[in-house]
Amino acid sequence: MTDEFVVLPDPDAVAQEAARRWQAAAASAIERDGRFSVMLSGGSTPETLYKLLAQEPWRTDLPWEQTYLFWGDERRVPPGHPDSNFRMVQEALLDHVPVPPDQIFPLDGVCLARSSARDYERKLRDHFKLGRRDWPRFDLTLLGLGEDGHTASIFPGTRAVSDLSNMTVVYEVPQLGTQRMTVTLPVINNSRAILILAVGPRKADILATVRGADNMPSTYPIEAIDPADGTLTWLVDEDAAAKLP
Ligand code: 6PG
């Protein structure tokens, strides 16, 4: 379960701490496997981190040539669309650091058909050289927290919460009236290290709720984040933590 819950003064401090943990995870992954596999989160919170990693010293100090980037979810939009998680990461980070293009694996937001989910699963199997019953094991997974307790695009009360047999799922999100593609909980929970980033006053209520009691994961999917053999660290700022006891 949760190994660490860290409250920092503001969003920049959260990004700085996340960058230090990114660096540590990268160093141990490369020492162990010669490469660093990261699953990125979308949304506005991690954008501050991505922009920080694109600046010195991280731009120079991090092992971008050995880094492999995947996404945890994508909206039903083309890669150039303002809502695209791929586009957000491309502008904040990829345009500024030397990750080899063949080490960047965006989710296909255009089709978002079932075939896209199967195609992404194939990429995961290839990258991690998986046997039939194996699950991907990311060295670092970044997650955000929605005000309704969703994470990635695993929304409350949807089939994405209960799908424990596929690695990725494409589905119509009732709360949004649009389709999303997301990795599933077994993939996330097989990570070596998970960072959940939550900042700002808008997250104070949901944070107090999910930290205050054990709720049903179907109510608040973030509560299903529980790495079997890995670390889980929350990095939140004081505004988001304002309603915690
Ligand atoms: C996305 C993310 C989503 C996000 C939360 C929080 O694609 O938007 O996967 O789970 O982390 O919605 O979003 P903010 O960071 O913008 O508050």
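One-based numbering, in listed order, for ligands and for the atoms of each. In this chain, residues are counted from 1 in sequence order. Side chains are part of it too, since the values below use all heavy atoms of this structure and drop only hydrogens, waters and symmetry mates.
For the ring-ring contact (aromatic ring centres under 6.0 Å, His included) test with W22, the passing option among F36, Y50, W58 is F36; the others fail. A side chain to side chain contact (heavy atoms under 4.5 Å, CB included) with S41 is found for one member of L142, L145, V89 and no other, namely L142. With respect to D237, the side chain to side chain contact (heavy atoms under 4.5 Å, CB included) criterion is satisfied by exactly one of D12, V7, V14: V14.
Closest to atom 11 (O) of ligand 1, if we only count protein heavy atoms, is G144 CA, 3.3 Å. Residue, atom and distance of the protein heavy atom nearest to atom 6 (C) of ligand 1 are L145 O, 3.5 Å.
The environment of E56 atom CD is dense: over 12 non-hydrogen atoms of other residues, nucleotides or ligands sit within 6.0 angstrom.
Evaluated by nearest non-hydrogen atom to atom 15 (O) of ligand 1, the leading choice among L40, L142, N85, T45 is T45. With A152, G146, P221, G43 as candidates, the residue nearest to atom 3 (C) of ligand 1 on a non-hydrogen basis is A152.
The contact set between ligand 1 and H150, taken as ligand atoms under 4.0 Å from a residue heavy atom, comprises 3 (C), 5 (C), 10 (O), 12 (O). For ligand 1, the atoms sitting less than 4.0 Å from at least one non-hydrogen atom of T151 are 10 (O), numbered in the order shown with element in parentheses. Numbered from 1 in the order shown, with element, the atoms of ligand 1 that lie under 4.0 Å from a heavy atom of D73 read 1 (C), 2 (C), 7 (O), 9 (O). Of all the atoms in ligand 1, the ones that sit under 4.0 Å from a non-hydrogen atom of R202 are 17 (O). Residue-ligand proximity, K203 to ligand 1, at heavy-atom distances under 4.0 Å covers atoms 6 (C), 14 (P), 17 (O). Near S41, the atoms of ligand 1 lying under 4.0 angstrom from a non-hydrogen atom of the residue are 11 (O).
At a heavy-atom distance under 4.0 Å, no atom of L143 approaches ligand 1.
Of the possible donor and acceptor atoms, one in the side chain of T151 sits under 3.5 Å from a partner among the backbone N and O of G144.
L52 approaches A19 most closely through the heavy-atom pair CD2-CB, 3.9 Å.
Ring-plane geometry between Y68 and H127 is classed as tilted, the angle between the planes lying from 30 to 60 degrees on a 0 to 90 degree scale.
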Could you give me the CA-CA distance, side-chain angles and deciding distance for Y120 and W71, then say whether ring-ring contact (aromatic ring centres under 6.0 Å, His included) is met?
CA-CA 10 Å; Y120 208 71; W71 275 251; 8.5 Å; no

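Using 4.0 Å as the threshold, R75 has a heavy atom nearer than that to some atom of ligand 1.
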